[in-house]
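Reviewing the structure listed below.
Values below: every heavy atom of this structure, side chains too, minus hydrogens, waters and symmetry copies. Everything quoted here is computed from the prediction, not taken from an experiment.
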Amino acid sequence: MTVPELAFTPVVGPGDAPLVVLGPSLGTSTILWEDVIPLLSGRLRVTAWDLPGHGASPGTVEPFSVQELADAVAGGVRDLGETSVLYAGVSLGGATGLMLALRHSSLVERAAIVASGAKLGEPLGWFERANQVRAQSTSSLIISSAERWFAPDSVANRPELSGRLLHALQDADDESYALCCGALAAYDVRDELSDIAPPIDAVWGEFDKVAPEEKAVEIADGVQRGSVTRIAGAAHLPPAEQPEAVASALLAFLTKEEA
């Protein structure tokens with residue numbers, strides 16, 4: 001196992017504002033957040049990162065864990081000169097956020113965990129998907145991913161962005177994608193949720209079958225300070241499907257003053 005190399009987008013937003021770090025879903029890139037970033041950057045500084053072999057991040061042939069993804073994000077944050085950040089991540093990016101809050105709690109002020117869970121799927125399913133990608137490439141996942149990712153009206157409502165996200169999946173490095181599947185197969189922090197101290201908002205999409213409401217409730221009930229937020233009209237990629245609602249929910253949570 002090794003800590004992978006991750007690419008971060010340039011920081012945008014007011015120079016004296018807190019920094020929020022945005023994490024991606026498996027198979028996507030920072031494209032996932034591009035309609036949300038302008039809505040956040042009026043009040044926050046914003047950067048987003050790509051998974052290994054996705055978007056701008058280099059590919060890898062070395063296995064890594066979700067824990068090591070979190071270590072890589074923490075390293076990237078510290079390279080930016082930050083000692084405390086806000087965080088929001090989708091699916092695998094959300095799992096990384098939970099691990100970041102668990103392993104680097106002094107670095108994370110609060111985190112929104114979007115369309116994710118303390119455990120996602122079953123190991124066999126992830127191994128099967130990894131083998132499929134190694135044999136047939138990520139192109140073989142286009143149809144099944146579109147069915148998982150988008151609510152019934154999302155593609156019709158946002159056809160250009162939906163298409164670009166599916167192209168990002170097609171462009172992802174096959175071996176890096178397969179290694180992300182391996183990381184998810186081993187990921188399970190259900191027994192460690194009570195150790196997570198930063199405030200956590202578990203955000204779920206109305207039509208999400210990958211990480212439905214019960215996954216969000218499990219997180220919120222398990223951590224020390226948890227809450228749950230529902231995004232109507234979204235499935236597994238709320239920032240792309242309902243950017244205004246997601247930005248509103250994130251601003252309400254991430255800028256909340258402690259009592």
Return yes if some donor-acceptor pair links the side-chain N/O of [X] with the main-chain N/O of [Y] below 3.5 Å, else return no.
X    : Y    : answer
K119 : G121 : yes
W33  : G23  : yes
H54  : P52  : yes

For this session: Could you give me the CA-CA distance, side-chain angles and deciding distance for D71 and R103, then say whether salt bridge (charged side-chain N to carboxylate O under 4.0 Å, His left out) is met?
Result: CA-CA 8 Å; D71 292 347; R103 287 179 54 81; 3.0 Å; yes
So, for [X] and [Y], which heavy atoms are closest and what is the spacing to 0.1 Å?
X    : Y    : answer
V21  : V73  : CG1-CG1, 4.3 Å
P24  : S29  : CB-O, 4.4 Å
Q242 : A234 : CG-CB, 4.0 Å
T30  : A48  : CG2-CB, 3.7 Å
L92  : L69  : CD1-CD1, 4.1 Å
S139 : Q170 : OG-CG, 3.2 Å

Problem set entry | Any side-chain heavy-atom pair of E206 and R230 under 4.5 Å |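 E206 vs R230: side chains touch.
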Exercise. Would you call W49 and V77 a side-chain contact if the rule is heavy atoms closer than 4.5 Å?
Worked result: no
Problem set entry | T229 vs D201, side chain to side chain donor-acceptor pair (under 3.5 Å): CA-CA, chis, key distance, verdict | CA-CA 7 Å; T229 298; D201 190 33; 2.8 Å; yes
Problem set entry | Qualifying side-chain hydrogen bond (donor to acceptor under 3.5 Å, both in side chains) pairs with a residue from residues 176-185, counting only residues at least two apart or across chains |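 Residue pairs passing side-chain hydrogen bond (donor to acceptor under 3.5 Å, both in side chains), neighbours aside: R129-Y177, D173-S176.
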Exercise. What do you reckon, is CD of Q136 surrounded by more than 12 foreign heavy atoms closer than 6.0 Å?
Worked result: yes
Exercise. Will you find, in the side chains of S140 and Q132, an N or O donor that is under 3.5 Å from an N or O acceptor?
Worked result: yes
Exercise. Should the pair R110 and F253 be classed as cation-pi, given the thresholds of under 6.0 Å to the six-membered ring centre and 45° from the axis?
Worked result: yes
